[in-house]
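In this text, all values refer to a predicted model and were calculated from it rather than measured experimentally. Position 1 is the first residue of the sequence; numbering continues from there. Atom set for the values below is all heavy atoms of this structure, side chains included, hydrogens, waters and symmetry mates excluded.
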Amino acid sequence: MTMMPAMDREVGTLAPAPEPVLSVRDLTISVGQGAQRRALVEALSFDLAPGETLCIAGESGSGKSLTSLAVMGLLPKPGPVVSGGSIRLAGEELMTLPERGMRRVRGDRIAMIFQEPMTSLNPVLTVGRQITEAIEAHRDVSAREARQLALEALEAVRIPEAERRMGQHPHELSGGMRQRVMIAMALALEPDVLIADEPTTALDVTIQAQVLGLLKEIQATRGTSLILITHDMGVVAEMADRVIVMRGGRAVEDGAVAPIFAAPREDYTKALLAAVPRMGDGRGRAASAPTRPVAEIRDLAVRFPLKGGFFGRPVAEVHAVAGISFEVPAGATLSLVGESGCGKSTTAKAIAGLVPYEGRLSVAGRSGEGLSVPERKALRRDVQMIFQDPFASLDPRYRAGDLVAEPMAIHGIGSAREREERVAALFERVGLQADAMRRYPHQFSGGQRQRICIARALALRPKLIIADESVSALDVSVQKRVLELLRELQDEFGIAYLFISHDMAVVENISDRVAVMYLGQIVETGTAAQVFGDPRHPYTRRLIDAVPVPDPARRRAGFSRLTGEIPSAVRPLGDPPTRLTLQDVGDGHLVASS
């Protein structure tokens with residue numbers, strides 16, 4: 001692609017276009033040798049101007065992430081290799097740069113935010129040490145100065161209690177928190193080019209909005225160039241100056257973001273945009289008639305001990321869930337929404353019997369308290385979960401058919417032949433061929449693996465399915481198909497869903513009722529039409545305002561921010577739950593207090 005000359009606003013003449021900070025020409029990435037060689041990315045070219053945001057969009061397997069890894073010199077070995085083309089950073093050819101030279105460039109002049117924070121962070125080092133290590137590798141600063149820079153980076157991405165988080169290890173943080181650590185690490189050195197590979201996939205909408213706003217601020221103050229890889233077309237509309245749409249390793253559409261959204265030329269781009277869930281699409285759904293609750297939760301509280309001292313005795317408690325009550329109607333969908341760490345997933349695990357809890361809980365009329373082992377096993381038959389990461393949910397040693405049949409075998413349902421027949425029917429019902437039963441999890445795409453998890457959840461014909469961020473990591477087109485499948489199954493089998501998500505547009509489109517959580521408490525509940533059409537609580541309004549709109553003409557100037565010190569969920573031993581309040585003080589600011 002050739003960069004167009006810029007217009008001089010003073011005299012109305014054409015000014016020379018700035019030299020690109022990054023120039024990629026005919027990049028080809030291949031795998032295999034000789035006659036077996038095939039291109040995974042083919043003849044890709046683009047320029048990145050100073051301060052420009054280029055979004056690369058497309059479905060899984062289109063070559064987006066491979067392109068970013070090639071620019072960083074991080075293609076896995078052995079594996080795909082750059083078999084042709086040029087990558088130049090400020091005129092310097094990176095393709096011929098030795099690894100020692102790339103180490104000088106990588107992390108300093110070009111930084112990358114990876115999609116999977118848990119596999120990108122060192123599990124044996126504290127969060128603070130990992131950030132300071134990167135700073136000390138590229139900056140001549142003292143250990144104290146590096147620590148202060150690391151602390152400021154964590155605070156910039158709104159990690160609560162940043163000082164305490166510095167001393168924690170990755171496994172002690174939620175998925176959203178770990179992604180924020182990765183973002184803080186990349187931003188700490190203020191690079192010239194920042195490559196963000198699905199950086200907000202695991203983040204709730206408010207933190208996503210803050211991170212995107214932070215990236216915009218850095219670009220405005222330092223002229224940082226950004227390559228943003230994402231399947232979220234709302235983020236593309238919010239951030240991009242230009243967009244490249246990739247399919248099968250090739251760029252099928254390339255241009256300024258506004259014309260592509262207004263009038264895409266390619267059918268593939270049209271299909272991507274049509275699959276994007278939009279706020280407002282779900283408000284016209286007819287309200288279903290009230291039904292008896294399949295799950296009733298009263299005063300549910302979950303506390304985790306914090307240990308300290310020489311003997312490791314409990315010294316305080318984390319009030320993860322602080323006395324909440326709600327019902328899940330039969331054959332309907334109740335969505336729990338809120339920011340990372342608000343207690344959504346902990347609530348789900350308590351209902352599924354995976355963590356100890358206080359309060360009263362019943363499913364299909366059966367109480368969850370004081371049960372014997374056989375009774376608890378029977379209760380779990382009525383409650384099944386679909387987890388966020390389908391690959392981590394499936395044992396890689398077993399074939400897909402065996403994984404779906406396993407719950408039936410555990411509960412002694414049917415003979416081996418009957419189980420096989422039911423598995424085949426389930427595979428067909430979720431849109432998978434019968435021969436897929438003999439394949440292993442790694443032989444499926446992400447969307448197909450999630451369908452296997454849905455089939456597994458259906459195997460016991462449960463009364464309640466808990467879907468914990470079950471579509472957040474999927475491409476928009478795959479996400480649309482999975483959501484349609486969930487609705488069809490609900491209509492067919494009368495299943496109740498507890499749907500947990502940070503994607504407000506998806507929640508609005510799939511929900512009958514919505515409960516909004518903040519720091520372990522429910523602050524608003526109602527029908528989807530009530531909550532999204534007339535939100536009463538300032539925190540709910542803040543969540544809705546933070547949703548990126550898939551229309552470049554409707555970019556936000558800003559959104560409501562939470563100011564003041566975020567109340568801590570850590571309490572002294574035996575303390576009762578503390579009620580939190582959020583006050584709207586005007587100018588888009590919310591003040592939290594306990």
Side-chain angles (χ1 to χ4, degrees), residues 160-161 174 176 204 293-307 314-329 334-371 376 379 383 385 464 466 468 496 498-502 507 511 513-527 530-531 535-540 542-543 562 564-583 590-594:
E161 300 178 279
S174 68
D204 50 75
V294 71
E296 296 181 82
I297 290 85
R298 295 287 180 266
D299 303 317
L300 182 71
V302 180
R303 313 181 190 207
F304 298 112
L306 288 179
K307 298 181 180 181
V315 295
E317 292 176 319
V318 176
H319 286 220
V321 180
I324 64 174
S325 300
F326 61 91
E327 297 177 350
V328 185
L334 170 71
S335 288
L336 278 181
V337 301
E339 295 176 297
S340 298
C342 72
K344 306 186 302 293
S345 294
T346 302
T347 299
K349 291 175 182 176
I351 296 172
L354 300 179
V355 296
Y357 63 89
E358 303 167 28
R360 292 178 289 117
L361 184 158
S362 66
V363 177
R366 185 186 291 114
S367 174
E369 292 80 56
L371 299 180
R376 187 167 298 279
L379 177 64
V383 182
M385 285 192 73
L464 173 68
I466 302 172
D468 188 3
L498 179 61
F499 192 82
I500 296 172
S501 179
H502 61 255
V507 166
S511 305
R513 296 186 61 80
V514 178
V516 182
M517 289 191 70
Y518 176 71
L519 284 182
Q521 298 174 12
I522 292 178
V523 297
E524 182 166 2
T525 186
T527 66
Q530 290 169 344
V531 171
R536 301 301 178 90
H537 198 279
Y539 179 67
T540 308
R542 177 173 177 261
L543 287 176
L562 192 63
E565 188 67 26
I566 299 175
S568 174
V570 178
R571 301 280 189 274
L573 288 173
D575 262 22
T578 302
R579 299 304 301 175
L580 302 172
T581 60
L582 286 174
Q583 181 181 3
L590 300 178
V591 175
S593 59
S594 58

Is the shortest side-chain N to carboxylate O distance from K344 to E339 below 4.0 Å?
-> no
Check against side-chain contact (heavy atoms from CB on, under 4.5 Å), F499 and L334 | CA-CA 6 Å; F499 192 82; L334 170 71; over 6 Å; no
Got a donor-acceptor contact below 3.5 angstrom from the S501 side chain to the V507 backbone?
-> no
Should M385 and D468 count as side-chain neighbours, where that means a heavy-atom distance under 4.5 Å?
-> yes
Please step through side-chain contact (heavy atoms from CB on, under 4.5 Å) for the pair T347 and Y357, ending with a clear verdict.
-> CA-CA 9 Å; T347 299; Y357 63 89; over 6 Å; no
Euclidean distance, F326 CZ relative to L300 CG, rounded to 0.5 Å | 7.0 Å
Does the pair R513 and T525 meet the rule for a side-chain contact (heavy atoms from CB on, under 4.5 Å), with working shown?
-> CA-CA 7 Å; R513 296 186 61 80; T525 186; 4.0 Å; yes
From OG (S325) to CG (D299), nearest 0.5 Å | 4.5 Å
With a 4.5 Å limit on heavy-atom distance, are the side chains of I466 and I351 in contact?
-> yes
Closest contact, heavy atoms only, A320 versus T346 | CB-CG2, 4.1 Å
Between the main-chain N or O of Q530 and the side-chain N or O of T527, is there a donor-acceptor pair closer than 3.5 Å?
-> yes
Interatomic spacing from CG in L498 to OG in S335 - rounded to 0.5 Å = 8.0 Å
What's the spacing between L519 CG and C342 SG if we round to 0.5 Å?
-> 8.0 Å
Pairing of R536 and E524 as salt bridge, 4.0 angstrom limit | no
Quick one: pull up CG in L361 and CD in E296 and give me the separation to the nearest 0.5 Å.
-> 9.5 Å
Is it true that a side-chain atom of Q521 and a backbone atom of Y518 form a donor plus acceptor pair closer than 3.5 Å?
-> no
Return yes when atom CZ of R298 has more than 12 non-hydrogen atoms of other residues, nucleotides or ligands closer than 6.0 Å, and no otherwise.
-> yes
For V328 and A496 the tightest heavy-atom approach is CG1-CB, 3.9 Å
Return the minimal non-hydrogen interatomic distance between P535 and T540, and the atom names on each side.
-> CB-CG2, 3.8 Å
Would you name the heavy atoms of G338 and L543 that are closest together and state the gap between them?
-> CA-CD1, 4.4 Å
Spatial distance of atom CG (L336) from atom CD1 (I324) [nearest 0.5 Å] = 6.5 Å
